[in-house]
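Within every chain, numbering begins at 1; the chains are lettered A, B, ... in the order of the sequence lines, protein sequences first and strands thereafter.
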2 protein chains.
Amino acid sequence: METRKRNLPTLEDVANAAGVSTATVSRCLNEPDKVSGGTRERVMEAVDKLHYSPNFGARAIAANRTGIVGAVIPTMVNAIFARGVEAFQKTIVANKKTMLVASSSYDRTQEIDQIRTMVARGAEGMLLIGTDRDPEVYAFLSQRNIPVVIAWARTSDPNQSFVGFSNKDASRLLAERAIALGHRSFGYISAYTAMNDRARYRVIGAREALTNAGLDPDAMHLIETKYSLKCARAAFHQMLKANPRPSIIMCGNDVLAVGAIQAAQEEGLHVPDDISITGYDDIELSTVIEPAVTTVHVPHRKMGRLAAETLLSLVDGASNPIQIELETQIIERDSLGKPKT
Amino acid sequence: METRKRNLPTLEDVANAAGVSTATVSRCLNEPDKVSGGTRERVMEAVDKLHYSPNFGARAIAANRTGIVGAVIPTMVNAIFARGVEAFQKTIVANKKTMLVASSSYDRTQEIDQIRTMVARGAEGMLLIGTDRDPEVYAFLSQRNIPVVIAWARTSDPNQSFVGFSNKDASRLLAERAIALGHRSFGYISAYTAMNDRARYRVIGAREALTNAGLDPDAMHLIETKYSLKCARAAFHQMLKANPRPSIIMCGNDVLAVGAIQAAQEEGLHVPDDISITGYDDIELSTVIEPAVTTVHVPHRKMGRLAAETLLSLVDGASNPIQIELETQIIERDSLGKPKT
DNA sequence: TCGCATGATGTAAGCTATTACATAGATGCA
DNA sequence: TGCATCTATGTAATAGCTTACATCATGCGA
């Protein structure tokens, strides 16, 4: 590993060029108010002339502050996270900080590694998705005084900060809507719930609606599968073999719903006349398929932005947890209808 | 802005705990071969016991090396970039480096800002998408000895490194295929080409095919629009008013193609019997719409991985430009057919 | 046994910024 | 005028690590 020389100008060079001390230059850059107008001008000229830019490492070590925040997301290849993270990043940058991002592929172990790496790289705050993870992770972070914001979910722990929404509630409302339309026999295609609280609570919400309506929540046929069109299709075909065959299949997200609709069409079933299907997240895909998916809209961009603002205020010293719950909204399109009589 | 105290263990703490000098600890961490087995063990124990992790800033400044690479992409909210960047990031991390990422929203000015910011943050190499940008940017980077890898495109400049593909060639092949099927009247819906070489070369490829076939390339009706389903639909409706009405509308990417198909259906046109439509990129969306989109497959993940490997070797001192051209592939689905006779 | 090459480890300089504290000059008020 | 206060600036300590160079012990060949 060769070392490549970079002889960039230093604070001292600027100080010499401007005929002042390094302290004054540093102040010009960080607390301009504390420097008189004339001096400031002279210094800034020197900065421009030399194309000076402070050395990040030196600044970090001297100020004991890096200005870095980290975000670990399950995957970037999913419009919902992409939108949220993009908004998060723009807000972070607008506040003169830097974002580190990594994707865990929905794998807890990878997530832990990535959190550790980011902390080693100087992350002073972390954005994490959902709540499911080893408590040791939170211990690790809090021991180092690194604030965490949870997004895409809410938590009942009053000590944790989050910017999220109840995955359960909207799911329950959607199921209630289906019950009101006359559905009694439910199926549910979900992402794996074991380490994914978002997916799990969506299932729980649907079950709650059944319970509230006096139906047996355990009668809801549940299949867990990978997040892909192909897997969703397979799950749908499998579910059709159930007895009784469900009149509605709720899906944990829109990709699964779209796959289910495709599979229904392969089976020669008409959606929603023969079978209803619902999604979650409201991604673009859900308007492209025919029929368009009845789903739950989540304000991903807003969530990303607010999560950034929240994390920044925690990093800057806010001591009380900040909890922001966002509203979701049921989007009625064409894939949910009355059951066949 | 409060400063939050972090009294983390330092190299010296580890050295004391292990009864060696800081130099030995440093060597254990960076060049383990140079330390004897017994000492190494003792040091590593101390590292574990104290949960030591090197201070990033200090290391960067002492070694004059940050291990950071930057990537500026047009948008994360696009599966093609998301996939590529995710692969890029995984490769970077696997090599013990750190990735900074930002999205420019297809805006050159933002891109410049972000490049500057990343350099100020210690980026030692940059991944950039496509070739269109102010030459000053390249000057800025080369002056600082920061290698650049261009992705998603190729360049004829022998001094630039890239991992990409010819946006033009596949587009030309697709148009030739359409010509062979009998099409003579072409329309093209593109993303804005002014600052987007990928979009531009795709158009040029189509024109080339027309020219080669003895047709007038300027007769191809071109509409440029934003990257969204809605805009694509509007563009399609507008294009239908053209005289002669095209028998095929090629689209610069799959999102535009899907929007066009939706619009065709709104007009009561059957695709491909009444009008053919093609896409580019091969994203999931293109298999969800009915009819599925005939498009061009691009190996995004592979490109991301290779771009990372390329950039790493440049950062590590490789002096000759590295140019890797990847193959694309036409995926024949159902949206391209013979023209109506 | 001596001299020397080799390998392991230690010493201490150096990297670049921030910032507490010191200093000097200017201002205000009695 | 004299003293306290304030503002602008400088001095120098400091942060945590890497690494060139120095030192020391060991083993080997002559």
Choose from [options] the nucleotide whose nearest atom is closest to any side-chain atom of [X].
X        : options                   : result
Arg59(A) : dT19(D), dC17(D), dA17(C) : dA17(C)
Thr39(B) : dA8(C), dA8(D), dT18(C)   : dA8(C)
Asn55(A) : dG16(D), dT18(D), dT16(C) : dT16(C)
Thr22(A) : dA12(D), dA17(C), dT19(D) : dA12(D)

Establish, with yes or no, whether the OP1 or OP2 oxygen of [N] is under 4.0 angstrom from a side-chain nitrogen or oxygen of [X].
X        : N       : value
Ser21(A) : dG10(D) : yes
Ser26(B) : dT18(D) : yes
Ser36(B) : dG7(C)  : no

Find the distance [X]:[atom1] to [N]:[atom2] and express it as a whole number of Å.
X        : N       : atom1 : atom2 : result
Lys34(A) : dC21(C) : NZ    : P     : 13 Å
Arg27(A) : dT7(D)  : CZ    : C1'   : 11 Å
Arg40(B) : dA8(C)  : CZ    : C1'   : 12 Å
Asn64(B) : dG14(C) : CG    : C1'   : 11 Å
Glu12(B) : dT18(D) : CD    : P     : 14 Å
Ile61(B) : dA15(D) : CD1   : C1'   : 9 Å
Leu29(A) : dT16(C) : CG    : P     : 16 Å
Glu31(B) : dA8(C)  : CD    : P     : 13 Å

task = State yes or no: are the ring centers of Trp152(B) and Phe162(B) separated by less than 6.0 Å?
result = no
task = Check step by step if salt bridge (charged side-chain N to carboxylate O under 4.0 Å, His left out) holds for Glu111(B) and Arg133(B).
result = CA-CA 9 Å; Glu111(B) 193 194 51; Arg133(B) 57 182 56 84; 2.8 Å; yes
task = For the residue pair Val101(A) and Gln89(B), establish whether any side-chain heavy-atom pair is separated by less than 4.5 Å.
result = no
task = Give the intermediate values and the outcome of side-chain hydrogen bond (donor to acceptor under 3.5 Å, both in side chains) for residues Arg83(A) and Asn78(A).
result = CA-CA 9 Å; Arg83(A) 279 205 286 257; Asn78(A) 178 333; over 6 Å; no
ask   = With a 3.5 Å cut-off and no angle check, do the side chains of Ser103(A) and Glu86(B) form a donor-acceptor pair?
value = yes
query = Salt bridge or not for Asp316(B) and Lys97(B), using N-O below 4.0 Å?
reply = yes
What is the nucleic acid contact for [X], judged by heavy atoms within less than 4.0 Å: base, sugar-phosphate only, or nothing?
X        : result
Thr24(B) : sugar-phosphate
Tyr52(A) : sugar-phosphate
Val20(B) : sugar-phosphate

query = Does the ring of Phe88(B) carry Arg305(B) above it, NZ/CZ under 6.0 angstrom from centre and within 45° of its axis?
reply = no
key: Earlier contact from the 5' end, DNA chain C, for Ala62(B) and Val35(B)   = Val35(B)
key: Relative orientation of the end axes in the helix from dT1(C)-dA30(D) to dA30(C)-dT1(D), expressed as an angle to the nearest 10° (five pairs per end)   = 40°
ask   = Stepwise, does the side chain to side chain contact (heavy atoms under 4.5 Å, CB included) test hold for Met126(A) with Val69(A)?
value = CA-CA 6 Å; Met126(A) 291 293 309; Val69(A) 300; over 6 Å; no
